[in-house]
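Reviewing the structure listed below.
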Amino acid sequence: MTLPIYPLIFISGFIASLLVFWVGIKLSHKFGMLDAPGGRKQHESATPLIGGLVIIPMYLILGWIAGLQSTMPFLQLLGGVLLLLSIGALDDKFHIHPWVKFVIQIWVACYVVIFCEAEIEKMGDLFGLGNINMSYFAKPFSVVCLVLLMNAINMMDGVDGLASGFITIALGWLMLIAFAGGLPPIVWAIAFLLAPMLAFLCFNMRNPLRKKASIFLGDAGSLSLALILGWFAIHLSQYPLHLDILHPVSIIWIMAVPIIDTFAIFFVRMKQGRSPFEADRLHLHHILMDKGVSPGNTTMIILTIAIMSAAIGICGIKLGIPDYALLYSWTAILMIYTHQRLKRA
């Protein structure tokens with residue numbers, strides 16, 4: 001299939017996704033696929049949890065129509081994602097034990113790393129001593145990175161438009177990188193995921209015409225989309241470094257907000273003698289809202305930080321800042337933020 005038809009597929013996918021979400025919201029209320037308020041969940045009313053259950057199938061349909069299976073391991077990747085989507089949907093409905101979910105995440109991450117070309121082997125010049133090759137550690141390191149990203153974004157999904165907005169922003173940066181690197185198949189592979197994502201944001205993000213979200217991603221959506229986001233980031237970062245498409249160190253700047261926040265909270269929970277996976281209201285978005293910032297402004301503040309962070313990681317390389325300088329700067333921010341959170345724990 002030639003590229004000129006791709007914009008039509010993108011537009012059609014966006015419109016179709018809007019219609020499916022509209023119907024899905026009504027069916028969710030009928031069949032009880034809802035997230036009820038209570039405890040740490042402070043949304044105003046029961047809200048459908050079908051975001052991921054629409055986004056991922058729509059992406060599969062659009063990708064199949066566009067023939068993405070001929071340019072990337074599309075079907076293999078979506079096979080793992082659909083398994084994660086199913087487990088997430090069951091968890092949204094019946095609440096699976098956290099450790100069971102964690103084991104399944106590890107299994108799916110292993111599958112994606114081994115069978116879907118998601119292995120982080122080239123790390124760049126992280127310490128000023130020459131390029132680092134992970135060699136035998138590449139596969140386990142890649143699995144750890146994917147599982148961390150999945151959990152970080154899943155934990156970020158606590159206020160309208162935040163996790164979905166972050167994923168959209170990160171995908172947008174990766175699409176821009178692919179475009180600048182002369183990789184139109186990857187550009188469109190990301191664009192076809194953004195079509196249902198943008199449709200979802202019309203129902204999920206607060207705006208002057210929408211005072212609250214009418215649909216949520218659910219664990220099914222946040223985990224599955226984080227896995228796909230991780231795949232694109234790894235894939236683009238592993239092109240030969242001399243092509244300067246995406247340096248691995250730039251990935252941690254693109255993903256900085258959820259990763260740094262999750263890292264700090266893990267240590268806070270352990271300091272308090274609790275499981276690092278225990279749900280609570282310690283995340284940055286909870287802190288802002290507890291201080292009186294509105295949910296809409298909370299989302300805008302954090303997403304603005306995410307945009308700026310990604311810009312530092314990407315533009316820094318283009319401006320000639322060494323990989324190790326970007327790594328040390330990022331690590332300093334991580335340690336300062338974690339220290340401040342531990343002081344207040």
Side-chain angles (χ1 to χ4, degrees), residues 7 9-26 28 33-35 43-45 47-63 81 85 88 92 152-176 187-229 232 254-255 257-258 285 288-289 294-310:
I9 296 175
F10 173 84
I11 295 170
S12 300
F14 173 74
I15 295 172
S17 298
L18 287 175
L19 294 174
V20 174
F21 278 125
W22 183 75
V23 174
I25 290 172
K26 296 182 179 298
S28 296
M33 192 62 176
L34 304 170
D35 187 31
H43 49 279
E44 299 173 12
S45 59
T47 306
L49 279 167
I50 60 165
L53 298 178
V54 173
I55 293 170
I56 301 302
M58 285 301 300
Y59 184 46
L60 178 61
I61 292 170
L62 296 179
V81 169
L85 184 74
D92 288 333
I153 291 181
N154 180 239
M155 293 177 184
M156 192 184 198
D157 191 20
V159 60
D160 296 348
L162 183 55
S164 53
F166 173 80
I167 293 169
T168 301
I169 288 169
L171 287 171
W173 278 111
L174 294 178
M175 186 168 69
L176 181 62
V187 171
W188 286 106
I190 296 173
F192 295 140
L193 178 56
L194 285 175
M197 280 296 301
L198 292 172
F200 173 78
L201 284 173
C202 293
F203 294 95
N204 180 245
M205 183 169 282
R206 298 190 182 201
N207 57 67
L209 300 178
R210 182 175 297 281
K211 296 184 178 181
K212 63 177 182 177
S214 57
I215 191 170
F216 291 159
L217 272 179
D219 283 356
S222 58
L223 293 172
S224 302
L225 289 167
L227 182 63
I228 298 175
L229 173 62
F232 278 116
I254 295 172
M255 312 298 179
V257 171
H285 54 272
L288 290 174
M289 288 191 292
S294 69
N297 287 337
T298 294
T299 295
M300 289 299 105
I301 289 170
I302 297 176
L303 292 185
T304 299
I305 296 172
I307 292 171
M308 294 171 61
S309 173

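Along the sequence shown, residues carry numbers from 1. Since this is a predicted model, take the numbers as computed values, not measurements.
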When rounded to the nearest 0.5 angstrom, what distance separates [atom1] in [X] from [atom2] in [Y]?
{"X": "I61", "Y": "S12", "atom1": "CD1", "atom2": "OG", "answer": "12.5 Å"}
{"X": "L62", "Y": "L194", "atom1": "CG", "atom2": "CG", "answer": "11.5 Å"}
{"X": "F192", "Y": "I9", "atom1": "CZ", "atom2": "CD1", "answer": "4.5 Å"}
{"X": "I167", "Y": "L225", "atom1": "CD1", "atom2": "CG", "answer": "4.5 Å"}
{"X": "L193", "Y": "F10", "atom1": "CG", "atom2": "CZ", "answer": "10.5 Å"}
{"X": "L49", "Y": "T47", "atom1": "CG", "atom2": "OG1", "answer": "8.0 Å"}

Minimum heavy-atom distance [X]-[Y], with the two atoms named:
{"X": "M156", "Y": "L162", "result": "O-CD2, 3.4 Å"}
{"X": "A199", "Y": "S17", "result": "CB-CB, 3.5 Å"}
{"X": "A170", "Y": "L229", "result": "CB-CD1, 3.7 Å"}
{"X": "A220", "Y": "L53", "result": "CB-CD2, 4.5 Å"}
{"X": "G13", "Y": "A195", "result": "C-CB, 4.2 Å"}
{"X": "H285", "Y": "M155", "result": "CE1-O, 3.6 Å"}

Polar side-chain atom of [X] near backbone of [Y] as donor-acceptor pair, under 3.5 Å:
{"X": "Y59", "Y": "A189", "value": "yes"}
{"X": "S309", "Y": "I305", "value": "no"}
{"X": "S222", "Y": "I153", "value": "no"}
{"X": "D160", "Y": "R206", "value": "no"}

[Y] and [X], any side-chain heavy atoms less than 4.5 Å apart:
{"X": "F166", "Y": "I169", "value": "no"}
{"X": "F232", "Y": "I228", "value": "yes"}
{"X": "L288", "Y": "V159", "value": "no"}
{"X": "M205", "Y": "T168", "value": "no"}
{"X": "L217", "Y": "I55", "value": "yes"}
{"X": "F216", "Y": "S28", "value": "no"}

Checklist entry - In this structure, which one of N204, T299, D157 forms a side chain to side chain donor-acceptor pair (under 3.5 Å) with S164? => result N204

Checklist entry - When you look at F200 and V54, which way does the side chain to side chain contact (heavy atoms under 4.5 Å, CB included) test go after all the steps? => result CA-CA 9 Å; F200 173 78; V54 173; over 6 Å; no

Checklist entry - Taking the six-membered ring for Trp, are F21 and F203 parallel (under 30°), tilted (30 to 60°) or perpendicular (over 60°)? => result tilted

